[in-house]
2 protein chains.
Amino acid sequence: MKEKLTSSLEDYLEVICNYIDKNKIVRAIDISKELNVSRASVTEALKKLANKKLLIYDRYGSIIMTEEGFKEARNVVARHTTLQKFFEEIIGLDKTEASQNACRIEHVISEQAFNKIVEFVEKYLQDNK
Amino acid sequence: MKEKLTSSLEDYLEVICNYIDKNKIVRAIDISKELNVSRASVTEALKKLANKKLLIYDRYGSIIMTEEGFKEARNVVARHTTLQKFFEEIIGLDKTEASQNACRIEHVISEQAFNKIVEFVEKYLQDNK
DNA sequence: GAAAATTGTAAGGTATGCCTAACATTTTGT
DNA sequence: ACAAAATGTTAGGCATACCTTACAATTTTC
């Protein structure tokens, strides 16, 4: 029975995943800068994510995402991407504003609503191109 | 300098406002049932809202919203209404699902994004009727 | 007009998520 | 290689937002 991640943990996971995709590795300090939290807070979050088997790490060791972790993270990233597209290309917000809203909404939108928005965005952009 | 309300306090305010509109009065227990929290939690929230001058009440007394409180509450309700309309009439979710998503997103959407969505919803429904 | 039921509050507890300060470990630079 | 700098961790604190339990006040009912 896997329980839903908190918004906060989803944020950490998302950043870690994006970082690994770009740079192969992530350090706590990268995450801390990206999310504007203290290094201590990152340590806490890493412990929680490790407990949930979404990543593996030892004290002072490097951060490795598990398959399950990637799965969860890609899920969040997908929500973000679609929402950002919606706000930018359909609603007409600038990139920054679109991203900020996507960041917050990605944690609270239901799966059903997300799926429908994916459809809507695709159809809308098709019809209006 | 008025600081942003937490999602939680916005929820309380919204329920209180809706209740007063419908029934003239609200009791702590109504709020508690509506939000699925304990009566004790309602007391806490009422204290916080009273501290912020959004409502007035005394121990065991009735709950009266201030003008400022109504203003804030109407604001939240407006966000909810528009988002619900969007999810129901444009995205095609059923009423319940639309409402649940509106409930969560209303607390995190930016003012700018909200305004643009209002425009979008109006224009879209106009063009597609 | 009490006793019973309902409603409201206070006290004390839990979990999350953040912080700072101090200390541990690792990495860098010479 | 080793001192200095950077990074990571721990410990202890704070705020929010819940909870339960016990008690206080009010309302209902007979």
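Numbered from 1 within each chain, the chains take letters A, B, ... in sequence-line order. Note: hydrogens, waters and symmetry copies are ignored here, and every other heavy atom, side chains too, is used.
Side-chain contact of A:Q100 with B:S110: a donor-acceptor pair under 3.5 Å is absent, judged by distance alone. A donor-acceptor contact closer than 3.5 angstrom links the side chains of A:S38 and A:S41.
Across the protein-nucleic acid pair, A:I16 atom CD1 and D:dG8 atom C1' stand 14 Å apart, rounded to whole Å. Atom-to-atom, CD of A:E34 to P of D:dT7 comes out at 15 Å; the value is rounded to the nearest Å. The CD atom of B:E10 sits 15 Å away from the C1' atom of D:dT16 (whole-angstrom rounding). What separates CD1 of B:I31 from C1' of C:dT7 is a distance of 12 Å, to the nearest Å. To the nearest angstrom, P of C:dT25 lies 15 Å from OH of A:Y57. Between A:L46 atom CG and C:dC18 atom C1' the separation is 15 Å, expressed in whole Å. The distance between atom CG of A:D58 and atom P of C:dT25, rounded to the nearest whole Å, is 14 Å. In this structure, CD of B:E44 is placed 10 Å from C1' of C:dT9, rounded to the nearest angstrom.
Within the 4.0 angstrom heavy-atom criterion, only backbone atoms of the sugar-phosphate kind lie near A:T6; the bases stay farther away. Note on B:N36: only backbone sugar-phosphate atoms sit closer than 4.0 angstrom, heavy atoms only; bases stay farther off. Heavy atoms of A:A40 sit under 4.0 angstrom from at least one base atom. A:R39 comes within 4.0 angstrom of a base, heavy atoms only. At a threshold of 4.0 angstrom between heavy atoms, the contacts of A:K33 with the nucleic acid are absent. Within 4.0 Å of B:D11, counting heavy atoms only, lies no atom of the nucleic acid at all.
Counting only heavy atoms from C-beta on, B:T43 has its side chain closest to C:dT9 among C:dT9, C:dT20, D:dT7. For A:R59, the side-chain atoms get nearest to C:dT25 when compared with the rest of C:dT25, D:dT16, C:dC18. Listed candidates were D:dA17, C:dT9, C:dC19. Nearest to the side chain of B:S8 is D:dA17. Taking the side chain of B:R27 as heavy atoms from C-beta on, and the options D:dG8, C:dT7, C:dC18, the nearest nucleotide is C:dT7. Of the candidate nucleotides C:dT20, D:dT16, C:dC18, C:dC18 has the atom lying nearest to any side-chain atom of A:V37. Ranking C:dC19, C:dT7, D:dA17 by closeness to the B:L9 side chain, first place goes to D:dA17.
Close placement of the B:Y124 and A:F120 rings is indicated, their centers lying within 6.0 Å of each other. Taking the six-membered ring for Trp and the full ring otherwise, B:F86 and A:F86 have centroids separated by under 6.0 Å.
When A:E111, A:E72, A:E10, A:E106 are each tested for a salt bridge (charged side-chain N to carboxylate O under 4.0 Å, His left out) with A:R79, only one passes: A:E10. Just one residue in the list B:I105, B:I109, B:V108 forms a side-chain contact (heavy atoms from CB on, under 4.5 Å) with A:R104, and that residue is B:V108.
Between A:K48 and the phosphate of C:dA15, there is no side-chain N or O to OP1/OP2 separation shorter than 4.0 Å. Contact annotation: A:K47 does not reach the phosphate of D:dT9 (side-chain N/O to OP1 or OP2, under 4.0 Å). Taking only side-chain nitrogens and oxygens, B:S41 never comes nearer than 4.0 Å to OP1 or OP2 of D:dA17.
Between the A:S99 side chain and the A:K95 main chain, no donor and acceptor come within less than 3.5 Å of each other. B:D30 places no side-chain N or O within 3.5 Å of a backbone atom of B:V26 that could act as its donor or acceptor partner.
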Taking only N/O atoms, report every protein-nucleotides 27-29 of chain D pair under 3.5 Å with atom names and distance.
none

